[in-house]
Each structure stands twice: as C-alpha cells, then as structure tokens.
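First the structure, in the form of structure tokens, and then the observations on it.
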Amino acid sequence: MLKSKNGMKDGLLNSVKAGPPALLELSSKITALVVDDNTLNQTIHHRLLDNLGIQNQVVGNGKEAVDVHCSGKNFDLILMDMDMPVMNGIEATRKLRTMGIRSLIAGVSARSTEKEKQEFIEAGLDDYQEKPLTTTKLASILHKVKKDG
Amino acid sequence: MEVGQMQSRLADYTKSLFMEGILDAQFLQLQQLQDESNPDFVVEVVSLFFDDSEKLLNDIARALDQQCVDFKKIDAHVHQLKGSSSSVGAQRVKNACVAFRNFCEEQNAEESRRCLQQVKQEYYLVKNKLETLFTLEQQIVAAGGSVPMIELSF
C-alpha cells in the first residue's frame with residue numbers, strides 16, 4: 001500500500017538539507033534517548049526519530065534514564081516527559097545535570113500551566129515543547145543539538 | 001464500486017471526522033510517519049491506543065466501584081488516557097479526559113462516574129469511526145488502488 005508523497009515531510013527534509021551544517025547529514029550521527037511512561041508516546045517518538053535517521057533508545061521513567069547514563073551511555077539528545085512514575089522528568093533532569101550530563105534535554109510535556117513549565121525549565125532543560133511531538137517540533141529541537149568535535 | 005469512487009468516499013469520510021472534531025491534526029502527523037518502510041504504522045499505533053484505552057477504562061471503572069475511591073489513582077489513569085488520545089488525535093476523548101480530571105481533583109465520585117460514561121462514549125465513537133476508516137482503506141487496496149494523503153485546509 002503506497003501513500004502519495006508526504007508534502008510536510010518533504011518540506012521538512014528540504015529545509016533541513018538547506019541549513020548549515022546539513023541537518024540531515026548531522027541527524028544521522030545524533031543519538032537520542034526517549035523518556036516517557038506512555039507506551040503509545042514511546043512508539044510515536046521512537047518512529048519520529050527513526051524517520052530522521054536518529055539512533056534512539058526508549059526508557060519508561062526518570063530513574064531508568066538516570067540508570068542508563070550510570071551504565072556509561074551518553075546521548076546527544078534526551079526527550080524528557082514530565083509526569084512519570086518512580087522519578088518524574090523534573091527530578092530526572094536535575095539529577096542528570098548534577099551528574100554532569102551536558103546533553104541537550106528537551107522537555108516534552110502535556111502540562112500547560114506556566115508555573116509547571118517554569119519549574120521544568122529551571123530543572124535544567126535546554127528546550128521545551130508541548131505534547132504531542134510533531135516532526136516540526138522535533139526539527140526545532142534538533143537545530144539546537146551541537147555535535148562535539 | 002470502482003477505485004476512484006472508493007477513494008472519494010474515503011476522503012469525504014475522513015474529512016467528516018475532522019469537521020466533527022472527532023479527530024484533530026495530530027492524526028495527520030501519524031499518517032505522515034507512515035511510509036513504504038512502515039506501511040502499517042497508523043493501524044499499529046491506533047491498535048495500541050485501543051488496547052491501552054480499554055485497559056485504562058476498566059481500571060478506572062474498577063477504582064470508582066471501590067468503597068473508598070482512590071482519586072489519585074484514577075487521576076493517574078485519566079492522565080494516561082488523555083496523553084494517549086492526544087497523541088493519536090482523538091480530540092473528543094482528550095477533551096472528555098480534561099473535564100474528568102477536574103472532578104478527580106474535587107474528589108467528586110458522582111461527577112467522576114458521569115465523566116467516565118462520557119469518556120467511554122467518546123472512546124467507542126472514535127474506535128468505531130477509525131475501524132470504518134481502516135476498512136475503507138483496505139477495500140481500496142484490495143481493489144488495486146492506493147490510499148491518497150488527505151489535504152485539509154482549516
């Protein structure tokens with residue numbers, strides 16, 4: 001079953017190719033960690049990242065995100081949900097920053113009050129996007145990811 | 001019915017779901033993630049949504065039936081359902097969840113039960129509509145046609 005060309009995706013990829021450095025080339029070397037307790041969101045975010053050629057791993061809460069870093073792994077980008085059991089996104093972000101993790105952490109939250117958003121940002125976020133994530137929102141996050149070296 | 005007519009019928013049906021507010025733009029986002037390498041992505045995600053939602057609705061009903069209602073637990077379930085419905089574009093389910101959460105905060109059992117009925121109603125409506133949509137798509141493919149991407153101007 002073939003779908004006709006996705007105008008939005010084409011448009012995004014074209015704009016992505018135009019930016020310096022070529023984001024599409026860059027995105028194939030970026031690694032990402034998806035932190036979300038909702039299995040549906042995990043599937044969608046995983047696919048969004050896969051689509052852009054970004055190698056990614058998925059965990060279900062803030063503690064698992066911290067643990068995966070303790071095991072020695074590192075990521076260029078972390079997509080952090082806010083409301084999660086065991087350890088929420090605010091605590092996890094604070095913990096990762098305390099550990100010296102300098103990855104780009106983008107808060108992805110369904111929360112909408114300014115106070116909650118501010119608290120999340122102050123925990124150490126580099127970016128904040130409202131859920132649900134879309135290709136466009138992800139592209140704006142990716143433009144902020146800098147590769148070392 | 002020939003393929004062109006089927007495609008028109010599908011396009012009209014899909015547009016009606018947006019006009020009635022049953023689906024929102026997030027559903028289009030899901031469709032845009034589907035391609036030749038992942039041709040069943042939308043059906044897979046929506047199936048996950050159905051499984052998740054039915055479990056959550058059962059858990060909520062059970063919690064509301066308890067002698068001592070745990071509103072914190074119910075709120076957590078409704079939050080999950082709100083997140084899932086939002087991610088697939090099930091707008092009316094999401095809105096019903098928002099209303100539900102307000103009553104959870106007030107610890108109002110009677111209103112919460114009414115909200116649960118409302119959420120269930122919206123959920124079964126969107127489930128029915130999406131199953132019909134997928135059946136229409138399958139009919140087109142079975143007849144040798146392709147499913148066109150919907151262009152919507154809001």
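Each chain gets a letter, A, B and so on, in the order its sequence line appears, and its residues count up from 1. Quantities reported herein were computed from a predicted structural model and do not represent experimental measurements.
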Subject >> A:Thr43 versus B:Leu48, closest heavy-atom pair with distance >> reply: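 Taking A:Thr43 first and B:Leu48 second, the nearest heavy atoms are OG1-CD1, 3.3 Å.
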Subject >> Pair A:Asn38-B:Ser87, side-chain donor/acceptor within less than 3.5 Å >> reply: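 Looking only at side-chain atoms, B:Ser87 and A:Asn38 do not form any donor-acceptor pair under 3.5 Å.
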Is it the case that over 12 heavy atoms from other parts of the model lie below 6.0 angstrom from the [atom1] atom of [X]?
{"X": "B:Glu110", "atom1": "CD", "answer": "no"}
{"X": "B:Glu105", "atom1": "CD", "answer": "no"}
{"X": "A:Lys137", "atom1": "NZ", "answer": "yes"}
{"X": "B:Lys127", "atom1": "NZ", "answer": "yes"}

Original post:
With a 4.5 Å limit on heavy-atom distance, are the side chains of A:Thr134 and B:Gln32 in contact?
Top reply: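 No, side chains not in contact.
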**OP:** Check whether any side-chain heavy atom of A:Asn51 sits under 4.5 Å from a side-chain heavy atom of B:Asn38, and report yes or no.
**Re:**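 Not touching, per the 4.5 Å side-chain cut-off.
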Subject >> Pairing residues for B:His77 by the ring-ring contact (aromatic ring centres under 6.0 Å, His included) criterion, not counting sequence neighbours >> reply: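 B:His77 satisfies ring-ring contact (aromatic ring centres under 6.0 Å, His included) with no other residue.
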Original post:
If contact means a heavy atom pair closer than 4.5 Å, which residues of residues 56-63 of chain B contact chain A?
Top reply: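 Under the 4.5 Å heavy-atom cut-off, nothing qualifies.
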Answer yes if [X] and [Y] sit in the same cluster of Ile, Leu, Val, Met, Phe, Trp and Tyr residues linked by side chain heavy atoms under 4.5 Å apart, and no otherwise.
{"X": "B:Val98", "Y": "B:Leu23", "value": "no"}
{"X": "A:Val59", "Y": "A:Val86", "value": "no"}
{"X": "B:Phe103", "Y": "B:Val69", "value": "no"}

**OP:** Before accepting this row, confirm whether a basic side-chain N of the pair B:Lys82/A:Asp83 lies closer than 4.0 Å to the acidic partner's carboxylate O.
**Re:**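 No, this pair does not count.
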To the nearest 0.5 Å, how far apart are [atom1] in [X] and [atom2] in [Y]?
{"X": "B:Ser85", "Y": "A:Leu40", "atom1": "OG", "atom2": "CG", "value": "9.5 Å"}
{"X": "A:Asn41", "Y": "B:Ser86", "atom1": "CG", "atom2": "OG", "value": "8.0 Å"}
{"X": "A:Ile44", "Y": "B:Leu33", "atom1": "CD1", "atom2": "CG", "value": "7.5 Å"}

**OP:** Quick one: do A:Asp37 and B:Gln80 satisfy side chain to side chain contact (heavy atoms under 4.5 Å, CB included)? Show the steps, please.
**Re:** CA-CA 9 Å; A:Asp37 62 323; B:Gln80 283 286 315; 2.6 Å; yes
Original post:
Relative to chain A, which segment of B:Leu30 carries a heavy atom at a distance below 4.5 Å: side chain, backbone, both, or neither?
Top reply: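 The answer is the side chain of B:Leu30.
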